[in-house]
Participant: 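Once you've had a glance at the structure underneath, I'll fire off some questions.
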Protein chains: 4
Amino acid sequence: MEKENLSVPSSRKDANRNVHKIMEAAKVVFKEKGTEAKIEEIAEKAGVGVGTIYRRFVNKERLVWAVGMEIIEEIRDKQRIDVDLSVPADQKIRLILDEFLLLHHKYGQLHEMLITLSQDTPFGEEIRHILSDVLQVTIREGQEQGIFRNEDPEILEAFVLHIVNASLIKRLRSQMDVEDIPKTIADFVLKGLS
Amino acid sequence: MEKENLSVPSSRKDANRNVHKIMEAAKVVFKEKGTEAKIEEIAEKAGVGVGTIYRRFVNKERLVWAVGMEIIEEIRDKQRIDVDLSVPADQKIRLILDEFLLLHHKYGQLHEMLITLSQDTPFGEEIRHILSDVLQVTIREGQEQGIFRNEDPEILEAFVLHIVNASLIKRLRSQMDVEDIPKTIADFVLKGLS
Amino acid sequence: MEKENLSVPSSRKDANRNVHKIMEAAKVVFKEKGTEAKIEEIAEKAGVGVGTIYRRFVNKERLVWAVGMEIIEEIRDKQRIDVDLSVPADQKIRLILDEFLLLHHKYGQLHEMLITLSQDTPFGEEIRHILSDVLQVTIREGQEQGIFRNEDPEILEAFVLHIVNASLIKRLRSQMDVEDIPKTIADFVLKGLS
Amino acid sequence: MEKENLSVPSSRKDANRNVHKIMEAAKVVFKEKGTEAKIEEIAEKAGVGVGTIYRRFVNKERLVWAVGMEIIEEIRDKQRIDVDLSVPADQKIRLILDEFLLLHHKYGQLHEMLITLSQDTPFGEEIRHILSDVLQVTIREGQEQGIFRNEDPEILEAFVLHIVNASLIKRLRSQMDVEDIPKTIADFVLKGLS
DNA sequence: TATGAATGAGGCTTCATTCAT
DNA sequence: AATGAATGAAGCCTCATTCAT
């Protein structure tokens with residue numbers, strides 16, 4: 001599915017500048033309040049009128065999707081870099097998880113939004129695919145290297161993806177130093193994979 | 001915190017029958033739609049007027065809590081039985097996870113509700129405590145038996161609890177037979193613990 | 001209009017005892033909250049069920065009327081005693097005002113209720129008549145004694161009645177000692193009459 | 001307290017036109033039904049949607065305040081003109097009372113609303129102050145001119161203010177010609193002051 | 001007859017979406 | 001094209017009144 005289906009395209013530069021402002025504002029507000037965030041608040045933070053949002057995004061749902069997709073892509077881009085390194089698969093998993101955790105720190109509530117999106121919407125397939133891609137490649141790599149067990153990579157990937165979750169992190173934060181969390185999670189995941 | 005804080009108590013049979021009908025309807029509707037469920041819909045499904053719900057539950061939030069607590073207790077009761085068996089700790093973990101998964105199958109969206117509840121409400125502490133109790137005992141048991149590694153039991157328990165999650169299960173359902181899910185999850189968890 | 005029109009009559013003693021309990025409770029609650037008072041609160045204070053109130057008083061309005069009428073009659077009875085004394089009319093007015101103020105102290109918000117009742121309901125005529133009766137007699141007396149001016153007694157009486165008002169008293173309370181209020185009001189009224 | 005606290009300000013012409021329409025409609029409806037008036041009815045009479053009212057007035061209470069304040073100010077403005085005339089204090093009182101009575105005729109139930117407002121809300125102080133201001137100045141003037149007695153002006157003012165009351169006027173209307181009411185009230189008040 | 005649980009119309013308020021400027 | 005004011009359906013909750021026990 002193309003980006004054009006999410007935000008209405010325009011040839012004007014200022015219009016596209018607005019789309020960008022709206023997306024940035026939406027990220028900030030969705031991060032704090034999740035899908036409950038009000039359109040008006042996003043408009044205010046973006047410095048545009050609500051009407052402008054509706055000119056660019058057919059409805060609230062589409063804006064949510066658009067924001068979700070952008071983050072997904074941000075995630076993928078970072079992971080791509082990790083996956084191209086020449087280190088053992090378990091090292092890569094650690095790196096990928098680190099990226100994930102950074103993004104969680106950055107996007108808060110948005111993670112939940114993505115999970116919901118990936119389940120309930122027509123974009124689900126797309127989102128799942130993007131997120132899975134890099135992880136599965138790495139898992140297969142690990143299996144070939146004999147580091148990971150021979151379970152279906154898709155399934156292992158589902159576990160990994162699921163573990164890197166805002167609510168788990170929140171929970172762990174109350175029980176350990178924040179900087180230890182990535183290692184702890186990676187340890188658990190890698191044991192699960194082995 | 002006492003149950004009386006959740007539903008207004010009454011000595012009358014008919015009143016309590018209605019409380020029961022409301023709770024059952026709420027479970028069904030919450031299962032489908034989560035906290036977004038409308039009071040009117042619950043009332044209709046319960047076969048009572050909205051006023052009846054408000055007579056027994058101060059507001060919607062309290063009804064959510066009440067339903068949550070009841071499920072939590074249902075979970076605990078089942079787990080208690082497992083934990084008293086004389087089998088190795090890893091066996092118990094498998095059993096406990098089986099129970100969990102059955103309940104997830106039964107309660108759907110309600111799981112998300114519980115997670116949210118356990119984070120944001122005054123009942124959180126209580127809920128976390130109930131859910132943790134049995135698991136931690138078993139984890140400690142496993143550590144004494146030398147089956148599980150010596151990480152802080154609270155942290156291990158957080159992982160286990162987190163993995164048994166509606167969205168993971170939903171995801172796995174699209175990739176494997178439903179009856180295989182419990183074993184797959186248990187395998188992953190037990191590896192993570194070992 | 002007869003009392004029977006207000007509370008449904010009953011031959012049973014316990015029923016009449018309930019009417020009494022309800023009326024007393026209603027007075028207390030109306031005093032505090034005015035007509036906004038909830039039936040359930042009155043029932044609770046009376047120690048009866050709401051159903052019992054509705055058995056005796058067709059609806060809330062009738063209960064309000066009944067309470068109003070009873071107070072009106074209490075007022076009249078006290079005034080009757082004053083008016084039969086053999087003192088000059090201005091003395092009597094002072095005494096009558098004293099009674100009024102005592103009742104205001106006793107009944108608070110109910111005074112406003114009576115005012116409203118006397119204007120908007122079929123009982124208005126009756127209430128006005130009872131309240132006016134004694135005052136007008138005294139005013140006429142004063143006019144015959146040459147103490148009061150010869151304005152229409154009904155009109156003078158309207159002024160007197162109006163001045164003895166909960167909100168005025170409340171206001172004065174913030175500016176003078178409570179025990180001085182009756183005299184201050186009486187002074188003003190008597191000047192107005194002279 | 002500033003007007004901005006009552007209605008949300010806006011620089012747009014159409015918005016302010018609506019605020020005006022809402023206030024006018026509210027005056028009319030409050031006049032008839034007092035605070036019990038329904039928001040929907042006001043919206044309908046104003047020819048706007050309910051949402052429009054809520055865009056400008058945080059809640060119903062604020063709308064009541066806003067209407068109250070506007071009337072209070074209308075009263076004060078008229079009184080200011082009277083008080084600046086060079087006539088004896090008793091003449092001024094007559095004029096001020098005339099204004100009051102005109103406004104009562106115009107605003108009906110709203111008078112009760114103002115009384116309640118001046119007692120129970122954060123605006124009370126402000127309202128009392130505005131209403132008192134002019135009257136007290138005139139009373140003091142009369143005392144200096146030897147026309148009024150030397151009672152505390154605040155107290156005398158309380159009486160005057162209290163007498164000019166919707167319910168008294170309503171009552172008098174049933175007993176005399178409407179055009180005679182102002183004189184009758186003024187006569188009584190001035191006697192009370194002398 | 002007395003009880004209090006049940007009812008549901010009706011009120012307040014919110015917010016995604018539309019539309020006039 | 002951009003704005004933000006306007007809209008109104010829809011949700012939560014209250015409470016006078018009814019009705020089953």
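All of these numbers come straight from a predicted model, not from anything done at the bench. Each chain gets a letter, A, B and so on, in the order the sequences are listed, and its residues count up from 1.
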Participant: Take the protein atom CZ of A:F57 and the nucleotide atom P of E:dT18, then report the distance between them rounded to whole Å.
Facilitator: 16 Å
Participant: Quick one: list whatever passes side-chain hydrogen bond (donor to acceptor under 3.5 Å, both in side chains) with B:E40, sequence neighbours left out.
Facilitator: none
Participant: Quick one: does any side-chain atom of A:N18 pair with a main-chain N or O of A:K21 as donor and acceptor, under 3.5 Å?
Facilitator: no
Participant: Please compare B:G49 and C:G49 by the position of their nearest nucleotide in DNA chain E and report the one closer to 5'.
Facilitator: C:G49
Participant: Are C:V50 and C:I42 side-chain neighbours, meaning at least one heavy-atom pair lies under 4.5 Å?
Facilitator: no
Participant: Roughly how many Å is it from NZ in A:K21 to P in F:dA1, rounded to a whole number?
Facilitator: 16 Å
Participant: Suppose we screen for salt bridge (Lys or Arg N to Asp or Glu O under 4.0 Å). Which residues come up paired with B:E24, at least two apart in sequence or across chains?
Facilitator: B:K27
Participant: May I have the distance from C:I53 (atom CD1) to F:dC19 (atom C1'), rounded to whole angstrom?
Facilitator: 16 Å
Participant: Starting at atom CD of B:E44, determine the distance to atom C1' of E:dT7, rounded to an integer number of angstrom.
Facilitator: 15 Å
Participant: With rounding to the nearest 0.5 Å, note down the distance linking NE2 in A:H20 to CD in A:E70.
Facilitator: 6.5 Å
Participant: In whole angstrom, give the distance that lies between atom CZ of A:R56 and atom P of E:dT17.
Facilitator: 17 Å
Participant: I want to check something: taking the side chain as every heavy atom from C-beta on, are D:V19 and D:F57 in contact at a cut-off of under 4.5 Å?
Facilitator: yes
Participant: Under the side chain to side chain contact (heavy atoms under 4.5 Å, CB included) test, which residues partner A:K60, sequence neighbours left out?
Facilitator: A:I39
Participant: Just by protein heavy atoms under 4.0 Å, how would nucleotides 9-14 of chain E read 5' to 3' in B, S and -?
Facilitator: B-SSBB
Participant: Can you find a heavy atom in the side chain of B:F30 that is under 4.5 Å from one in the side chain of B:V64?
Facilitator: yes
Participant: Phosphate oxygens OP1/OP2 of E:dT18: is one of them under 4.0 Å from a side-chain N or O of A:R55?
Facilitator: no
Participant: Once you round it to whole Å, what is the distance between C1' of E:dT17 and CZ of A:R62?
Facilitator: 15 Å
Participant: Please give, in whole Å, the distance from E:dT1 C1' to C:R17 CZ?
Facilitator: 13 Å
Participant: Applying side chain to side chain contact (heavy atoms under 4.5 Å, CB included), can you list everything that pairs with C:E44, at least two apart in sequence or on another chain?
Facilitator: none
Participant: Is any side-chain N or O of D:T52 closer than 4.0 Å to OP1 or OP2 of F:dA5?
Facilitator: no
Participant: Could you write out DNA chain F as dot-bracket? Rules: Watson-Crick or G-U wobble, both distances under 3.5 Å, brackets [ ] for crossings, | for pairs with another strand, dot for unpaired.
Facilitator: .||||||||||||||||||||
